[in-house]
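One structure below.
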Amino acid sequence: QVQLVESGGGLVQPGGSLRLSCAASGSIASINAMGWYRQTPGKQRELVATMTSTGRPNSADSVKGRFTISRDYNKDTVYLHMNSLKPEDTAVYLCYANLRRDRTPRYSDYWGQGTQVTVSS
């Protein structure tokens with residue numbers, strides 16, 4: 001069993017900041033990439049930011065300079081520090097991990113349940 005559990009979402013004013021956390025747990029052998037996507041009704045799920053097991057980050061142009069991704073490799077946890085938030089950042093933020101389970105030869109994608117981020121005055 002593998003679980004990705006997000007926390008830190010909520011309501012924030014435009015220009016404000018928020019920090020999301022996601023912890024992976026269960027029968028995990030190793031984690032490759034880990035990060036965040038977001039989903040809005042009527043819009044396709046989009047990449048926010050990810051980071052590989054070697055620390056290489058990748059992020060969407062729309063969040064560059066505002067969002068920062070980080071990982072605690074010892075705790076199987078990924079963070080998203082969001083600054084200068086805009087109303088268009090409002091979405092359900094989903095934790096993502098590409099990982100290999102115990103006694104499994106291949107890597108697969110896993111998703112958290114999501115945490116709501118609402119940016120509004």
Side-chain angles (χ1 to χ4, degrees):
Q1 184 184 5
V2 172
Q3 284 189 309
L4 303 178
V5 181
E6 305 103 329
S7 63
L11 176 64
V12 64
Q13 295 183 4
S17 299
L18 214 57
R19 184 213 200 197
L20 306 183
S21 301
C22 174
S25 63
S27 55
I28 300 170
S30 63
I31 302 177
N32 180 18
M34 203 170 183
W36 299 90
Y37 287 70
R38 63 189 181 188
Q39 181 77 59
T40 301
K43 189 178 182 181
Q44 191 175 21
R45 183 177 298 177
E46 64 178 354
L47 168 76
V48 178
T50 60
M51 181 170 284
T52 68
S53 60
T54 59
R56 187 168 74 100
N58 184 43
S59 62
D61 290 339
S62 61
V63 307
K64 280 187 167 67
R66 300 188 298 122
F67 293 7
T68 302
I69 189 169
S70 62
R71 285 177 65 174
D72 186 332
Y73 296 94
N74 293 326
K75 297 183 181 296
D76 291 342
T77 300
V78 64
Y79 305 94
L80 187 68
H81 296 81
M82 304 185 294
N83 300 312
S84 302
L85 282 161
K86 306 173 181 179
E88 49 263 46
D89 294 319
T90 297
V92 174
Y93 283 71
L94 301 163
C95 183
Y96 159 84
N98 181 257
L99 58 84
R100 183 171 66 85
R101 297 180 65 181
D102 289 343
R103 288 163 268 109
T104 301
R106 66 181 179 90
Y107 283 80
S108 299
D109 293 339
Y110 290 83
W111 298 91
Q113 293 299 305
T115 184
Q116 177 71 45
V117 172
T118 302
V119 185
S120 177
S121 59

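Both backbone and side-chain heavy atoms feed into the values below; hydrogens, waters and symmetry mates do not.
- In this structure, OG1 in Thr77 is found 6.0 Å from CE in Met34, a value given to the nearest 0.5 Å.
- A salt bridge links Lys64 with Asp61: the distance from a Lys NZ or Arg NE/NH1/NH2 to an Asp or Glu carboxylate oxygen falls below 4.0 Å.
- No side-chain donor from either of Arg38 and Thr40 sits under 3.5 Å from a side-chain acceptor of the other.
- Residue Arg100 holds its CZ atom at 11.0 Å from OG of Ser27, rounded to the nearest 0.5 Å.
- Pairs of residues two or more places apart, or lying in two chains, never qualify as disulfide bond (SG atoms under 2.5 Å apart) while including a residue from residues 29-82.
- No side-chain heavy atom of Asp89 sits under 4.5 Å from any side-chain heavy atom of Val117.
- Between the Ser121 side chain and the Gln13 main chain, no donor and acceptor come within less than 3.5 Å of each other.
- Counting only heavy atoms from C-beta outward, the side chains of Tyr73 and Ile31 never approach each other to under 4.5 Å.
- Note: Thr90 OG1 to Gln116 CD = 7.0 Å, rounded to the nearest 0.5 Å.
- Note on residues 34-118: pairs passing disulfide bond (SG atoms under 2.5 Å apart), not counting sequence neighbours, are Cys22-Cys95.
- Residues Val119 and Leu20 are members of one and the same hydrophobic cluster, defined by side-chain heavy-atom contacts under 4.5 angstrom among Ile, Leu, Val, Met, Phe, Trp and Tyr.
- Of all non-hydrogen atoms in Gly55 and Pro57, the two that sit nearest each other are O-CD, 3.2 Å.
- Using a 4.5 Å cut-off on side-chain heavy atoms (C-beta onward), Phe67 and Leu85 make contact.
- Here the CG-OH distance, from Leu80 to Tyr93, works out to 7.5 Å after rounding to the nearest 0.5 Å.
- Remark: the backbone N or O of Thr52 is paired with a side-chain donor or acceptor of Arg71 at under 3.5 angstrom.
- Clustering ILVMFWY residues whenever any of their side-chain heavy atoms sit less than 4.5 angstrom apart, transitively, puts Val2 in the very cluster that holds Val78.
- Val48 is not listed as a side-chain neighbour of Met82, based on a closest heavy-atom distance of 4.5 Å or more.
- Taking all atoms of both residues into account, the shortest heavy-atom contact from Ser84 to Ser17 is N-OG, 4.5 Å.
- Scanning all heavy atoms of the two residues, the minimum distance from Ile28 to Leu99 falls at CD1-CD2, 4.2 Å.
- Judged by distance alone, with hydrogens and angles left aside, the side-chain atoms of Asp102 form a donor-acceptor pair with the main-chain N or O of Ala29 at under 3.5 Å.
- A donor-acceptor pair under 3.5 Å links the side-chain atoms of Glu6 to the main chain of Gln113, judged by distance alone.
- Applying the ring pair (Phe, Tyr, Trp, His ring centres under 6.0 Å) test to pairs two or more places apart or on separate chains, those with a residue in residues 95-114 are Tyr37-Tyr96, Tyr37-Trp111, Tyr96-Trp111.
- Using a 4.5 Å cut-off between side-chain heavy atoms of Ile, Leu, Val, Met, Phe, Trp and Tyr, with links allowed through other members, Tyr79 and Leu4 fall into different hydrophobic clusters.
- Distance OG1/Thr118 to CG/Leu11: 6.0 Å, rounded to 0.5 Å.
- With rounding to the nearest 0.5 angstrom, the CG atom of Asn98 is 5.0 Å from the CG atom of Asn32.
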